[in-house]
Protein chains: 2
Amino acid sequence: MNFNLAMEKLKSEGFKRTPSREAILRLLEREDRYLSAGDVRKALAEKHPKMSQDTVYRNLSSFSEMKILEETELGGERKFRMHCDRHGHHHHFICMECGRTEKLDICPMEQVTLALPSFIIDDHKFEVYGQCPDCCTAG
Amino acid sequence: MNFNLAMEKLKSEGFKRTPSREAILRLLEREDRYLSAGDVRKALAEKHPKMSQDTVYRNLSSFSEMKILEETELGGERKFRMHCDRHGHHHHFICMECGRTEKLDICPMEQVTLALPSFIIDDHKFEVYGQCPDCCTAG
DNA sequence: GAGTAAATCGTAGTCATTCCGAATTGGAAA
DNA sequence: TTTCCAATTCGGAATGACTACGATTTACTC
């Protein structure tokens, strides 16, 4: 998803267009990796010094609920990135050095649903952690 | 892993046998599902009212480090369960109602390592969330 | 049984996140 | 364009999980 699509989605869901929301979404579009609320605040501190934490947290949660963002929980923090909606269902490799993500199309959920016939399955999480090629050589 | 094996492991790593550690490990053996530090404190409150949070957190972390426990992060909390060491590498289905877990032998990591030849892969997480058969009918 | 390092206690501190009342503002309606 | 109001934001306080730390107690060795 890109910035313009995200703004359309916001409008269609009855949300207002505010400078805070524009700045947060522009940042996430540019970074293309998982950022925490704190990361967002730091990155916007210069151009938006008065943006409160409440605003950052509330908007990130809203965006995540309406699927503009993808969300995960890592190292005791909630982290967010732009939703990859050009592709179907997918997961990510996450570089623990730089935060870079790599899309993975592999998902074993078909086998899981077959293996658990009497269970209701609502959700799942599949994430791979390590170092990306850039950080392998750098470290 | 069971209580006795866990106590052996503690001894072999030079840890002392204390009433706190016994109580925590007995509880986790009995429950056989993911518990948070808070869950542990509540469950032990009657018989061990003076056990401090420091003791609970420190011991859960130690046990996790030495692979007596398995650990995950769920709903903003660290959760722990006895390590399933009779079986090889595995993952879990986790019931969001009662916390019951079901072992999954399915894991797609071979395909992932093939798909990411120039990445260093250190770890991964694969969890499935939903309702177990008991909670399906109850809910 | 005495000595010592480990473990625990009680409490205070940290950090991410949420809550809340007051002030501001985007955007529809007049 | 101006008015208006619910949505949004701000600032700061509150919450909750987790960690840190000095003082005290305890498990284990000799």
Side-chain angles (χ1 to χ4, degrees), chain A residues 3 6-27 34-66 68-69 71-81 99, chain B residues 3 6-27 34-66 68-69 71-81 99:
Chain A
F3 176 81
M7 294 312 294
E8 279 177 34
K9 181 124 195 171
L10 274 185
K11 188 161 197 174
S12 75
E13 302 246 357
F15 284 75
K16 292 180 178 171
R17 180 175 188 127
T18 70
S20 297
R21 287 174 175 158
E22 288 188 14
I24 292 171
L25 288 170
R26 283 224 159 85
L27 172 68
Y34 280 111
L35 297 182
S36 68
D39 294 333
V40 171
R41 284 202 84 190
K42 278 175 215 155
L44 300 181
E46 200 173 332
K47 293 209 172 184
H48 300 265
K50 283 186 296 187
M51 192 184 298
S52 74
Q53 13 176 18
D54 184 88
T55 297
V56 174
Y57 279 103
R58 186 171 18 77
N59 283 321
L60 288 174
S61 289
S62 303
F63 298 163
S64 181
E65 267 181 46
M66 69 181 86
I68 289 174
L69 302 182
E71 181 177 351
T72 192
E73 198 179 326
L74 202 51
E77 279 184 321
R78 292 169 74 190
K79 305 209 170 193
F80 304 85
R81 55 160 296 139
Chain B
F3 177 81
M7 293 313 294
E8 279 178 35
K9 180 123 194 172
L10 273 185
K11 189 162 197 173
S12 76
E13 302 247 357
F15 284 74
K16 293 178 180 173
R17 181 176 187 127
T18 70
S20 297
R21 286 174 176 159
E22 287 188 15
I24 293 170
L25 288 171
R26 282 223 160 85
L27 172 69
Y34 279 111
L35 297 182
S36 67
D39 295 333
V40 172
R41 283 203 85 190
K42 279 176 214 154
L44 300 180
E46 201 173 332
K47 294 209 172 184
H48 300 265
K50 283 186 296 188
M51 193 185 296
S52 75
Q53 10 175 22
D54 183 90
T55 298
V56 174
Y57 279 105
R58 185 169 20 75
N59 282 321
L60 288 174
S61 289
S62 302
F63 297 163
S64 179
E65 265 182 47
M66 69 182 86
I68 289 173
L69 303 181
E71 181 177 352
T72 191
E73 198 178 329
L74 200 52
E77 280 184 322
R78 292 169 73 189
K79 305 210 169 193
F80 303 85
R81 56 160 294 141

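Every chain is numbered from 1, with letters handed out A, B, ... down the list of sequences.
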Tell me whether the side-chain N/O atoms of [X] come closer than 4.0 Å to OP1 or OP2 in [N].
X: Arg21(A); N: dA7(D); answer: no
X: Thr18(B); N: dT8(C); answer: yes
X: Tyr57(B); N: dT19(D); answer: no
X: Arg58(B); N: dT8(C); answer: yes

Quiz prompt | Side-chain donor/acceptor of Asn59(B) to base of dA7(C), under 3.5 Å | solution =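 No pair found.
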
Quiz item: Can you find a donor-acceptor pair, distance only, under 3.5 Å between Asp54(B) side chain and dC21(D) base?
Solution: yes

Quiz prompt | Contact check, side chains of Leu10(B) and Met66(B), non-hydrogen atoms, under 4.5 Å | solution =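 A side-chain contact exists here, since the closest heavy-atom pair is under 4.5 Å.
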
Quiz item: Side-chain contact, heavy-atom cut-off 4.5 Å: Arg78(B) with Ser61(B)?
Solution: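 With C-beta onward as the side chain, the pair touches.
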
Whole angstrom value for the distance that separates [atom2] of [N] from [atom1] of [X]:
X: Glu71(A); N: dA16(C); atom1: CD; atom2: C1'; value: 13 Å
X: Glu77(B); N: dA16(C); atom1: CD; atom2: P; value: 17 Å
X: Leu25(A); N: dT8(D); atom1: CG; atom2: P; value: 13 Å
X: Arg41(B); N: dC18(D); atom1: CZ; atom2: P; value: 12 Å
X: Met51(A); N: dC10(D); atom1: CE; atom2: C1'; value: 12 Å
X: Leu74(A); N: dC15(C); atom1: CG; atom2: P; value: 19 Å
X: Glu22(A); N: dT25(C); atom1: CD; atom2: P; value: 15 Å
X: Lys50(B); N: dT24(D); atom1: NZ; atom2: P; value: 16 Å

Quiz prompt | Closest-nucleotide 5' rank along DNA chain D - winner of Gly76(B) and Lys11(B) | solution = Gly76(B)

Practice problem: Please figure out whether Val56(A) or Ser36(B) has its closest DNA chain D nucleotide nearer the 5' end. | Solution: Val56(A)

Practice problem: To the nearest 0.5 angstrom, please state how far the NZ atom of Lys50(A) sits from the CG atom of Leu44(A). | Solution: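 With rounding to 0.5 Å, NZ (Lys50(A)) is 14.5 Å from CG (Leu44(A)).
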
Quiz item: Once you round to the nearest 0.5 Å, how far does CD of Glu65(A) lie from CD of Glu71(A)?
Solution: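 These two atoms lie 9.0 Å from each other.
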
Could you check whether [X] gets within reach of a base, just the sugar-phosphate, or nothing at all, counting any heavy atom under 4.0 Å?
X: Pro19(B); answer: sugar-phosphate
X: Ser20(A); answer: sugar-phosphate
X: Ser52(A); answer: base

Side chain of [X]: nearest nucleotide among [options]?
X: Gln53(B); options: dT17(C), dC28(D), dC18(D); answer: dC18(D)
X: Arg78(B); options: dT19(D), dA7(C), dT9(D); answer: dT19(D)
X: Lys16(B); options: dA5(C), dT18(C), dC18(D); answer: dA5(C)

Quiz item: Between the side chains of Asn59(B) and Ser62(B), does any donor sit under 3.5 Å from an acceptor?
Solution: no

Quiz item: Donor-acceptor pair, Arg21(A) side chain versus Lys16(A) backbone, under 3.5 Å?
Solution: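 Flag set: sc Arg21(A) to bb Lys16(A) pair under 3.5 Å.
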
